[in-house]
Amino acid sequence: MTSSLRRTPLYDRHEELGARMVEFGGWEMPVYYVGINEEHRAVRARAGIFDVSHMGQLEVTGSGAENLLRKALASDIDRLEEGQAQYSFLLNEKGGVVDDLIVYKLPDKVWLLVVNAGNIATDLAHLKGLKQRGAVVTDKSDETAMIALQGPVTLDLLADIWPKKTPGPDTIKPFTAVQRVVAGVPCLVARTGYTGEIGVELMCPADRAGDLWDGILAHREHGVVPSGLGARDTLRLEMGFPLHGHDIDSKTTPIEASLGRFVHLGREFVGSAVLDKQVAKGVKRKLVGIQLLDRAIPREGYPILKDGTKIGTITSGTLSPSVDRGIGMGYIAPEYAVPGTTLQVDVRGRERDAEVVPLPFYKKES
Amino acid sequence: MAEESYPAELRYHREHDWVRADGDEAIFGITWHAQDALGEVVYFEPPAVGSHIDADSSYGSLESVKAVSDVIAPLAGTVTAVNDKAVESPELVNESPYADGWLIRVKLDDASSVDSLLDADAYQALL
């Protein structure tokens with residue numbers, strides 16, 4: 001492992017827990033502690049705690065903040081009340097996804113963008129390039145740590161380390177955020193996540209991350225386990241959540257990526273003309289969920305075939321721990337992008353039968 | 001998962017395979033180090049019984065949740081059996097890399113080729 005990789009404030013905790021570390025987006029991150037499957041199942045059944053401090057936090061302030069975000073984001077920030085959040089995109093002029101992010105409207109006219117670790121510099125340059133008068137973009141990534149607590153027992157556990165005399169964690173609605181002192185650490189507590197489970201993402205000062213981590217893990221009686229990026233990836237794949245740089249990038253639009261529901265058209269923003277046209281005239285390719293019928297695992301880069309002809313490429317895939325099937329996503333022509341369509345995936349030279357399925361791959365039994 | 005070990009009665013190949021040889025009959029598998037590096041094995045794609053495999057070439061693949069890895073043949077020979085239990089329950093490769101998690105049985109082209117392999121000490125010196 002080279003020393004040029006960056007480490008989060010929780011690096012020592014990961015070492016103590018015996019984590020297997022890998023490079024991700026320029027960071028040295030835990031891929032798993034005990035095993036990906038075990039951590040995955042813990043999150044689905046109980047809870048997992050993830051260090052996601054590598055992710056970026058950009059604050060947008062100033063008299064021009066709203067105008068910058070109206071121009072830069074594909075979602076309509078004027079729909080947000082204070083304390084609410086949206087999943088959104090920064091697009092280029094061609095409608096391609098520069099980054100996907102969550103935008104928060106915080107008190108005191110502060111807007112927060114939580115962005116992908118590997119894209120912080122790109123996003124900053126992109127926002128500055130829009131030259132919005134009166135808008136100030138500040139990179140808070142280095143001074144901010146972020147811990148995700150995800151799984152059905154999340155709110156019960158959080159209640160044990162929640163400040164008395166404030167409404168309980170169960171009063172925070174999905175895609176909203178509040179400031180609270182959690183386990184003695186001042187945090188922005190957001191009901192967001194990347195796993196499909198009930199969960200929160202906690203942002204706190206970098207130098208307090210260890211206290212927050214320890215404060216949560218002091219309540220292991222709830223069944224919470226440290227979980228790595230490996231489980232984070234299999235969990236998000238089961239939900240069909242895209243990963244930037246793989247399933248979406250600067251050459252694919254949210255419409256092509258079947259994420260149109262997060263885009264608010266009828267407004268002018270960077271890339272909106274292309275998206276308007278795609279909605280009116282249709283797209284040439286769509287991102288779909290593909291489940292293998294044979295026992296094999298689709299992986300990024302594997303060709304998608306229909307009757308021997310290549311019609312697309314897998315953008316990410318794995319063995320789903322929950323449904324015990326090879327699952328993946330990829331772009332194919334709309335004529336094939338219909339659930340139930342049978343096709344094949346070329347798995348290292350062997351054609352494997354597969355079918356287009358609706359996302360998510362995994363649905364919780366209710 | 002199994003404890004780290006490199007049994008002295010086995011011979012080893014630098015690509016992290018082991019061989020248990022008895023005359024020209026041999027069993028192949030991967031070492032503790034290899035299964036640890038791979039993580040939880042979720043899929044074993046074996047060669048066909050009856051096929052011939054070449055030394056230092058891939059004869060199958062093992063997949064973990066995160067990655068695919070070719071399995072390199074330590075010696076040349078003809079596949080006489082595949083461990084169906086490892087195909088059905090690939091986690092055996094993690095739980096018992098030197099016993100229940102063996103991969104294939106081979107009739108070696110040359111019984112003396114075993115002598116070209118590393119002993120446990122020489123293999124561990126590479127790790």
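Computed from a prediction, not measured in an experiment: that's the story for all the values here. Sequence lines set the chain letters: A, B, ... in the order given, protein chains first and strands last, and positions in each chain run from 1.
For the pair A/W213 and A/P226, the minimum side-chain heavy-atom distance is below 4.5 Å.
Residue A/D233 touches chain B through its side chain alone, counting heavy-atom pairs closer than 4.5 Å. Heavy atoms of B/S61 lying under 4.5 Å from chain A belong exclusively to its side chain. Of the atoms belonging to A/R295, heavy atoms from both backbone and side chain fall under 4.5 Å from chain B.
Pairs engaging residues 103-127 of chain B under the ring pair (Phe, Tyr, Trp, His ring centres under 6.0 Å) rule: B/Y6-B/Y123, B/Y12-B/Y123, B/H16-B/Y123 [sequence neighbours left out].
The minimum heavy-atom distance between B/V79 and B/P47, with the atom names listed, is CG2-CG, 3.9 Å. Of all heavy-atom pairs between B/R11 and B/D115, the closest is NH2-O, 3.9 Å. Nearest heavy atoms, A/S258 versus A/L287: OG-O, 2.9 Å. Considering every non-hydrogen atom in both A/I327 and A/P298, the closest pair reads O-CG, 3.3 Å.
Interface with chain B: from residues 342-353 of chain A, residues A/R348, A/R350, A/R352 qualify, criterion being any non-hydrogen pair under 4.5 Å. Interface residues of residues 32-56 of chain A toward chain B, defined by a heavy-atom distance below 4.5 Å and sorted by number: A/Y32, A/G35, A/I36, A/N37, A/E38. Contacts between residues 29-37 of chain B and chain A, counted as heavy-atom pairs separated by less than 4.5 Å, involve B/D36, B/A37.
With hydrogens and angles ignored, the 3.5 Å screen pairs no side-chain donor or acceptor of B/D70 with any backbone N or O of B/I72. One N or O on the side chain of A/S227 and one on the backbone of A/V225 form a donor-acceptor pair closer than 3.5 Å. A donor-acceptor pair under 3.5 Å links the side-chain atoms of B/N94 to the main chain of B/G39, judged by distance alone.
A/E300 and A/S316 share no donor-acceptor pair across their side chains, judged by distance under 3.5 Å alone. In this structure, a donor-acceptor pair under 3.5 Å is present between the side chains of A/T192 and A/E201. Side chains of A/N119 and A/H244: a donor on one and an acceptor on the other come within 3.5 Å.
Of the residues B/I27, B/I53, B/T80, the one that meets the side chain to side chain contact (heavy atoms under 4.5 Å, CB included) test with B/I104 is B/I53.
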Derivation of the side chain to side chain contact (heavy atoms under 4.5 Å, CB included) call for A/L101 and A/V114: CA-CA 6 Å; A/L101 55 84; A/V114 177; 6.0 Å; no

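Top candidate by heavy-atom pairs under 4.5 Å with chain B, chosen from A/I297, A/L319, A/T318, is A/I297.
The 12-atom threshold is exceeded at NZ of A/K363, counting heavy atoms of other residues, nucleotides or ligands nearer than 6.0 Å.
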